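A quick write-up on the structure given underneath.
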Amino acid sequence: MHEKKIKIKVALARDLLQRNKILAGDLRTRFAEQRLAVINLLGSPGAGKTTLLEASLPLLCGQYRVGVIEGDLYTTRDAERLARSGAAVIQINTEGACHLDAQLVGGVLEELPELDLLLIENVGNLVCPVGFDLGEDARAVVLSISEGDDKPEKYPQAFQTAQAVVLSKLDLLPYVSYDLPAVLATLAHLNPAATVMQLSATGKSGLAPWLEWVESVVAKKKRGS
Ligand code: MG
Ligand code: ZN
């Protein structure tokens, strides 16, 4: 009996992911038609996703028409922070759900103006957002120094499915016990193709490589490749 229940649960989870895959495929077609570059930003709560966007948006908004989808459990605090930048910001409150899915993203696209770049800040979580494709061109994981140096090993899939890894809050390095060379080695082993960047968004240092990476995603999409 117990085993049967588990089997049903596994089948339901598979259906959910299958359905998401189909909807994400529709989104990808739509984004391709619009030549809209989409980046899915993952990371734990407090990793610095919103702070990174806050530092980047004033610079990106000078170059592109930028929109942000803010995924949060309940509040609109992060969306309010980002709206000051001049980007078009849409909030999705998941009401307790711990990830965004393609249906939620598809449901708010009509509210956004015509854009060159859409940044999606996922719900703070390194586990289940990994399985939910949002039709994005690239995925970036933000990992802060304060989270500890064991996280890439503990949550490998988040890092394996990303095209970029941003090591944030580098300014804290002198104050915490954190083996940066070991983290870099783990990342290189888990995902040798990923672009790894180190920055401090509050100190505004190291932002240039991140902005260049974002620009490369947009340029690639404009070329239609
Ligand atoms: Mg946030
Ligand atoms: Zn979830």
Side-chain angles (χ1 to χ4, degrees), residues 9-24 27 38-58 60-61 66-108 112 117-136 139-147 151 154-162 164-169 172 197 199-204 207 210 214:
K9 260 194 172 173
V10 170
L12 279 174
R14 205 186 303 125
D15 285 352
L16 201 70
L17 283 172
Q18 195 52 40
R19 197 175 114 79
N20 187 76
K21 208 172 168 186
I22 294 164
L23 292 174
L27 287 181
V38 182
I39 295 173
N40 184 2
L41 205 57
L42 265 60
S44 307
K49 300 183 291 302
T50 312
T51 304
L52 177 60
L53 291 178
E54 214 169 14
S56 318
L57 286 177
L60 291 169
C61 285
V66 186
V68 180
I69 292 177
E70 262 299 307
D72 259 309
L73 296 170
Y74 301 105
T75 69
T76 55
R77 292 176 63 133
D78 288 358
E80 285 158 20
R81 277 168 68 187
L82 297 177
R84 295 178 207 132
S85 66
V89 184
I90 300 277
Q91 174 81 44
I92 296 178
N93 279 130
T94 59
E95 303 298 334
C98 45
H99 59 270
L100 291 176
D101 63 30
Q103 189 178 11
L104 284 169
V105 170
V108 298
L112 286 166
L117 169 64
L118 174 62
L119 296 153
I120 303 176
E121 181 181 335
N122 219 309
V123 179
N125 179 345
L126 279 179
V127 187
C128 59
V130 173
F132 287 84
D133 184 2
L134 305 179
E136 71 264 23
R139 222 174 240 200
V141 182
V142 182
L143 176 71
S144 65
I145 297 296
S146 52
E147 283 167 74
K151 296 303 173 289
K154 287 176 102 165
Y155 303 98
Q157 282 157 337
F159 299 92
Q160 282 164 331
T161 60
V165 178
V166 176
L167 299 177
S168 64
K169 308 192 190 180
L172 296 179
M197 292 160 273
L199 55 79
S200 164
T202 49
K204 301 223 167 38
L207 270 178
W210 156 251
V214 173

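Ligands are counted one by one from 1 in listed order, and the atoms in each one are counted from 1 as well. As the structure is a prediction and not an experimental result, all values here were calculated from the model.
Between Val130 and Arg139, some side-chain heavy-atom pair lies under the 4.5 Å cut-off. Ile69 places none of its side-chain heavy atoms less than 4.5 Å from the side chain of Leu104. Counting heavy atoms from C-beta outward, Asp78 and Leu53 have side chains that stay 4.5 Å or more apart.
The closest side-chain donor-acceptor pair between Asp133 and Asn20, if any, does not fall under 3.5 angstrom.
Around the Zn ion (ligand 2), protein N, O or S atoms at less than 2.8 Å comprise Cys98 SG, His99 ND1, Cys128 SG.
A donor-acceptor pair is defined here as one N or O able to donate and one able to accept, closer than 3.5 Å; no such pair exists between the side chain of Asn122 and the backbone of Pro129.
When Thr51, Thr50, Thr76 are each tested for a side-chain hydrogen bond (donor to acceptor under 3.5 Å, both in side chains) with Arg81, only one passes: Thr51.
Take the Mg ion (ligand 1) as the corner point: the lines to OE2 of Glu121 and to OD2 of Asp78 open at 120°, to the nearest 10 degrees.
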